[in-house]
2 protein chains.
Amino acid sequence: MARSPKLERRVLDALWGGGEWSVRQIREEVDPALAYTTFATVLDRLHDKGEVDRAKVDGAWRYSASRSREEALAAEVGRVLQRAAGAPEPLLVAFLDQMERADPEALLRLEKLLKARRGTP
Amino acid sequence: MARSPKLERRVLDALWGGGEWSVRQIREEVDPALAYTTFATVLDRLHDKGEVDRAKVDGAWRYSASRSREEALAAEVGRVLQRAAGAPEPLLVAFLDQMERADPEALLRLEKLLKARRGTP
DNA sequence: GACCTCTACGACGGATTGTCGTAGACATCG
DNA sequence: CGATGTCTACGACAATCCGTCGTAGAGGTC
C-alpha cells in the first residue's frame, strides 16, 4: 500500500476550510480511494491530540478544526521562535526577510497592524 | 533506558553555539551519562542529513553546524509560512497575538526592527 | 431478522530516533 | 612485540509516530 504523505495535514486542510465534517465527507474530499476506517482513525487521533473538536449528531461524529489554520500555523511559528529564546532578534529578522520575499507588501501591513494594536491594547 | 527527548536537538544546540566539536566534547556538554557511541551515532546521522559538517583531525571527526541557528530556524519558519501562502494577513494577526502573549515587549522590538529596516531597504 | 452505517479498538508495517554493543583500524606505552 | 586506549563503522533493539486497514459490536431502518 503506497503511503500518501502527510495525510493528517491534508485532513486538517479540509477542516480548516471551515464547517463541520463527517468522516464520510472528509473521505470524499481528501481521497475516496482510501478506506473509510483510515479517515476514522486519522480523525480520532487528531481528536486525541486536541487538534480537532467533535460533536455527535445522529449517532455519528461531526469534526471541526479546534483552531483556525492561522492560529495553528502561528503557534508553530511561535514554537520555533521559542527555541531562539535569549536571542530572538536575529530570528525575527530572518522571519521578516522570509515574509518580505513571500509578499513585499506584508511588511507594510505588519507595520499598520502594529500601529493599530498599540492604539487599542 | 529512559529516552531523553530531543537528543538531536540538544546536540544541535551545542553545535550552534559555535566552533568545532569532537564526539567526546559533545558528550561532555550534552549528557555525560549517555554512552560515547550514542553521540557518535547521533552526530553521524546528523551528518547524513546534512545538518552538520565534519572534518577529520588526527584520525577523529570534528563536527560543526552547517548552518547557523538562525538560518536553520528561519528555514523552518519559512516552511510554515509556505503553507499559508495566499492569505498571510490573518497569520500575521495570529502571530502578533501569540507573540504579545508570550512577551509583551517583543512587539516593541518588532516595531523597532521594522523602522530600522525601512531606513535601509 | 437482514441490511446498513457508524464507532472503538487493535494490528501491521515503514520511518524516525534514542540507545547501545561489537568489530576493527590506529596509535601509544611498556 | 603485545597490552591498552581511542576512534569509526555498522548493526541492532525498542519506542514512537503515522498511514493503512480489518473486525467486532452498537444502533438504526425496512
Side-chain angles (χ1 to χ4, degrees), chain A residues 1-16 19-66 72 75-76 79-80 83, chain B residues 1-16 19-66 72 75-76 79-80 83:
Chain A
M1 203 58 48
R3 281 171 76 88
S4 58
K6 305 200 200 295
L7 185 59
E8 281 195 352
R9 188 70 66 189
R10 284 193 288 153
V11 168
L12 273 177
D13 262 334
L15 292 174
W16 281 335
E20 312 215 319
W21 299 67
S22 68
V23 173
R24 193 156 296 275
Q25 288 169 327
I26 287 289
R27 175 178 180 235
E28 287 311 308
E29 175 75 13
V30 175
D31 189 347
L34 296 176
Y36 179 92
T37 49
T38 294
F39 291 98
T41 300
V42 166
L43 286 163
D44 205 38
R45 301 212 271 229
L46 285 174
H47 176 254
D48 281 349
K49 290 192 271 185
E51 302 200 45
V52 305
D53 295 331
R54 67 183 186 184
K56 232 167 204 185
V57 175
D58 283 331
W61 293 116
R62 291 301 165 87
Y63 289 88
S64 56
S66 63
E76 273 192 62
R79 280 208 321 276
V80 174
R83 286 208 239 106
Chain B
M1 204 56 48
R3 280 170 75 89
S4 60
K6 306 200 199 298
L7 185 59
E8 281 195 352
R9 190 69 68 192
R10 284 192 288 151
V11 168
L12 273 177
D13 262 334
L15 291 174
W16 280 335
E20 312 215 319
W21 300 65
S22 68
V23 173
R24 194 157 295 274
Q25 288 170 329
I26 287 289
R27 178 180 178 231
E28 288 310 307
E29 175 76 11
V30 175
D31 189 347
L34 296 177
Y36 179 93
T37 49
T38 295
F39 291 96
T41 301
V42 167
L43 285 163
D44 206 38
R45 301 212 271 230
L46 285 174
H47 177 253
D48 282 349
K49 290 191 275 185
E51 303 201 43
V52 305
D53 295 331
R54 69 182 184 184
K56 229 162 205 187
V57 175
D58 281 332
W61 293 116
R62 291 302 165 87
Y63 290 90
S64 57
S66 63
E76 274 191 61
R79 284 208 317 275
V80 174
R83 295 215 291 281

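Below, read A as the first sequence line, B as the second, and so on, with proteins coming before strands; counting in each chain starts at 1.
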Run the side chain to side chain donor-acceptor pair (under 3.5 Å) test against [X] and tell me which residues pass, sequence neighbours left out.
| X | answer |
| --- | --- |
| B:Glu51 | none |
| A:Asp13 | A:Arg69 |
| B:Arg10 | B:Ser4 |
| B:Glu29 | none |

Interatomic distance where [atom1] belongs to [X] and [atom2] belongs to [N] [whole Å]:
| X | N | atom1 | atom2 | value |
| --- | --- | --- | --- | --- |
| B:Arg27 | C:dG18 | CZ | P | 17 Å |
| A:Arg9 | D:dC17 | CZ | P | 15 Å |
| A:Asp58 | D:dG28 | CG | P | 10 Å |

Which atom pairs, donor and acceptor, lie under 3.5 Å between side-chain atoms of residues 33-47 of chain A and protein residues at least two apart or in another chain?
{"from": "A:Thr41", "atom 1": "OG1", "to": "A:Thr37", "atom 2": "O", "distance (Å)": "2.9"}
{"from": "A:Asp44", "atom 1": "OD1", "to": "A:Arg54", "atom 2": "NH1", "distance (Å)": "2.9"}

Near A:Asp58 CG, under 6.0 Å, is it more than 12 heavy atoms from other residues, nucleotides or ligands?
-> no
Going 5' to 3' along nucleotides 2-8 of chain C, which nucleotides have protein heavy atoms under 4.0 Å from the base (write B), which only from the sugar-phosphate (write S), and which from neither (write -)?
-> ----SBS
Heavy atoms under 4.0 Å is the rule here; annotate nucleotides 10-17 of chain C 5' to 3' with B where the base is hit, S where only the sugar-phosphate is, and - elsewhere.
-> BB-B---B
Contacts of A:Glu8 meeting salt bridge (Lys or Arg N to Asp or Glu O under 4.0 Å) (sequence neighbours excluded), chain-then-number -> A:Lys49
Excluding sequence neighbours, so at least two apart, what forms salt bridge (Lys or Arg N to Asp or Glu O under 4.0 Å) with B:Asp53?
-> none
